[in-house]
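Accompanying notes for the structure given below.
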Amino acid sequence: MILLAFLAQTLRIAIPYLLAAAGGVMSERAGLIALTLEGYMLGGAFCAVAASFASNSPWAGVLAALAGGGVLALLYAVSAIRFRADQVVVGIAINLLAIGLTRFLLRLFFDSSSNSPRVAGFTVQGSGTGFGALVQNPLVWIGIVVVPTTAWLLYRTPFGLRVRAVGEHPAAAASVGVRVARVRYLAVLVSGMLAGLGGAYLALDQHQFTDGMTAGRGFIALAATIFGRWDPLRAGLACLLFAAAETLQIQLQGSQAIPSQFVEMIPYALTIVALAGVVGRAVAPAALGKTAIE
Amino acid sequence: MSTTEPTMARVGADTPTPLETSATSDRASRRARIEEAVLPPLVALLLAAVVGDVLILTFGQSPGAVYRLLLEGTWGNAYGFGQVLYKATTLVFTGLAVGLGLRAGLFNIGAESQLAAGGFCAALVGLALPPGIPSLLCLPIFLLAAALGGGVVGAVPGVLKARFGAHEVIVTIMLNFIVLALLNYLTSTRLHVPDTLHTAEIGSGVLPRVSDYVPSFQGSAANVTLILAAVTAIAFGWFLFRTRRGFELRAVGLQPHAAEYAGVNVGTVTWRALAMSGAIAGIGGLNYVLGYKHYYEEGFATGAGFLGIAVAIVGRSHPIGICVAALLFATLSQGGLAVNALVPKQMVDVLQAVVILAVATSVPEVRQLLRGARRSATR
């Protein structure tokens, strides 16, 4: 019973990570650094709440989140691809823009600097926090399906082959007729929509938007992307691992066995270890971050 | 890297090529460099003003009134100006920190945690020192502690990059979370004053505020760390453009393979550059700990690291540019508070993001346009 509760909570925490990390893998495999996941998630979360508040339907919120994450992603793609701006700089600007815009719109729409009013969300009232409530949330199912789907898309479809090609060797891809920029735009758009969906899950699960509510989750998803060595399935496992650590920390909170701050560090520390190559070096796609040079 | 082009001519000028480098072409290339540096920020400000207009209008206010209030609340009175100076001081440090990394071709995203670590170490020293020591006497100790705190945090990604090739962007981001969590743990379990997020006040080393000399600055946090920032900016320029180590650093940033071929140890330059970058950011912590609150408080560094990146980019990693950009971003931050009665201060966050985005996207465009114009002019 305790184990079941543990697994349910792990899954609940992991869903936004899974969605965003799948987006992170798509973007980075196409050669665009996914520093922006945090911004997409925040934008998606706000759009989800604003649209469900206006329409009283969580599905409208989901659509709005796809649009919100997608628009931020397009802005990133246009800056980095069309205008050859530095990806890291633009990525940081997009994150700052998402924070600023959501705050501004929170004041404009809801006249508050901290949180939105309550919205309905997906879960049916009174079904608790276990698996019973989770299976009623369609976003949970999407989150579970998205990882194998991304893997299939990346490894089993022509589009996926092109994504990997433009991320490894864009010049070679271009020489066989792949339209490099278009593939990259698509990959980034998908990543923005997925991460936006992750934000929607977060906001609808908490039934409201609060200022800065993603609280670094986009960076955890980025950590999972890298720790999973840019492979959707491994990144998905990394998300589950990070979520399990968080769950453990929440359940141990009373006992003070391990300070919560040290559990917080786990995803970041593991990522650095993976990058430093202590246990099997993580090697990035060759053209990652290089849209400015071509 | 978008910042490399203008310095290319400078490196070329260091190797004597007879005949070609006449005084006139030198002056022309200097003018070109200035044009390329100044135009993108102007484009960015224009765009930010347009976006600002839209935001202000959606809130049903008049842009003219809001901008007037913004200027009056920042450069229009001594208190507002003092606050701008205070905020700019921190941004000069984080801007220089990021700028030094960029000159070496490295992206230091960790200025926030380096700043926090510097401030934290300074506070530790302050708590350990007996009260009553003259500030000027113990300032060197504080400088050393803050530089060490930030420098160690900066050296980690440097060593990992030099030794294992770990990408410094990701490592510094991840390290931000780790270091801030660690400082949070140390503060909240051992050092904090009950029911607060800050340590006790330090006994010695407090630096005087500007208002101690100019009474009209009363209430503003501007303090003599300001002078420290100016000195650091000058030292930054001297190191980068007048010393061998600085030249090696820039050479690595421009073309690591060529630098290596010329006998520069790229790995050493890399970790040293990031350690120095961290140390500069760390010293920035003194502005808050010695100059303003006199204690370390959780979250005092929030946002200063990312804005430091903005400052370095807009300022083209040049000490003068960085100081100007720091004043610009500090004005926007303080201006947000000034206009809050008319429009949400959060508008300023959006404008800051727009400025960064516009500068980053317009730099390659402007360069191309200027090149084209120059070519057709010489033809």
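Side chains are part of it too, since the values below use all heavy atoms of this structure and drop only hydrogens, waters and symmetry mates. Every chain is numbered from 1 and lettered A, B, ... according to where its sequence line falls, protein lines coming before strand lines.
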Just so I understand: if I count every heavy-atom pair under 4.5 Å between each of I109(B), L160(B), I309(B), I170(B) and chain A, which residue has the most? I170(B)
Quick one: which of V169(B), V171(B), I356(B), I178(B) has the most heavy-atom pairs under 4.5 Å with chain A, could you say? I178(B)
Indicate the atoms forming the closest heavy-atom contact of [X] with [Y], along with that distance.
X: R107(A); Y: K345(B); answer: NH1-N, 4.4 Å
X: A104(B); Y: A273(B); answer: CB-CB, 3.9 Å
X: A338(B); Y: L69(B); answer: O-CD2, 3.5 Å
X: V153(B); Y: A117(B); answer: CG2-CB, 3.7 Å

Interatomic distance, OH@Y17(A) vs CG@L222(A), rounded to 0.5 Å, equals 13.0 Å
Considering only heavy atoms and a distance below 4.5 Å, find which of I94(A), L101(A), V88(A) pairs most often with chain B. V88(A)
Most heavy-atom pairs under 4.5 angstrom with chain B, which of V90(A), I272(A), L96(A), T102(A)? I272(A)
So which part of [X] gets closer than 4.5 Å to some heavy atom of chain A, the side chain, the backbone, both or neither?
X: S362(B); value: neither
X: L55(B); value: both
X: L357(B); value: both
X: L175(B); value: both

At a heavy-atom separation under 4.5 Å, does [X] approach chain B through its side chain, its backbone, both, or neither?
X: L75(A); value: side chain
X: T271(A); value: side chain
X: L35(A); value: side chain
X: I99(A); value: neither

Report the C-alpha distance between F219(A) and Y268(A) in whole Å, list the side-chain angles of each, state the deciding distance to 0.1 Å, and finish with yes or no for ring-ring contact (aromatic ring centres under 6.0 Å, His included). CA-CA 9 Å; F219(A) 289 109; Y268(A) 312 117; 8.3 Å; no
Between T196(B) and E297(B), is any side-chain donor less than 3.5 angstrom from a side-chain acceptor? no
Who pairs with R103(A) by salt bridge (Lys or Arg N to Asp or Glu O under 4.0 Å), at least two apart in sequence or on another chain? D211(A), D349(B)
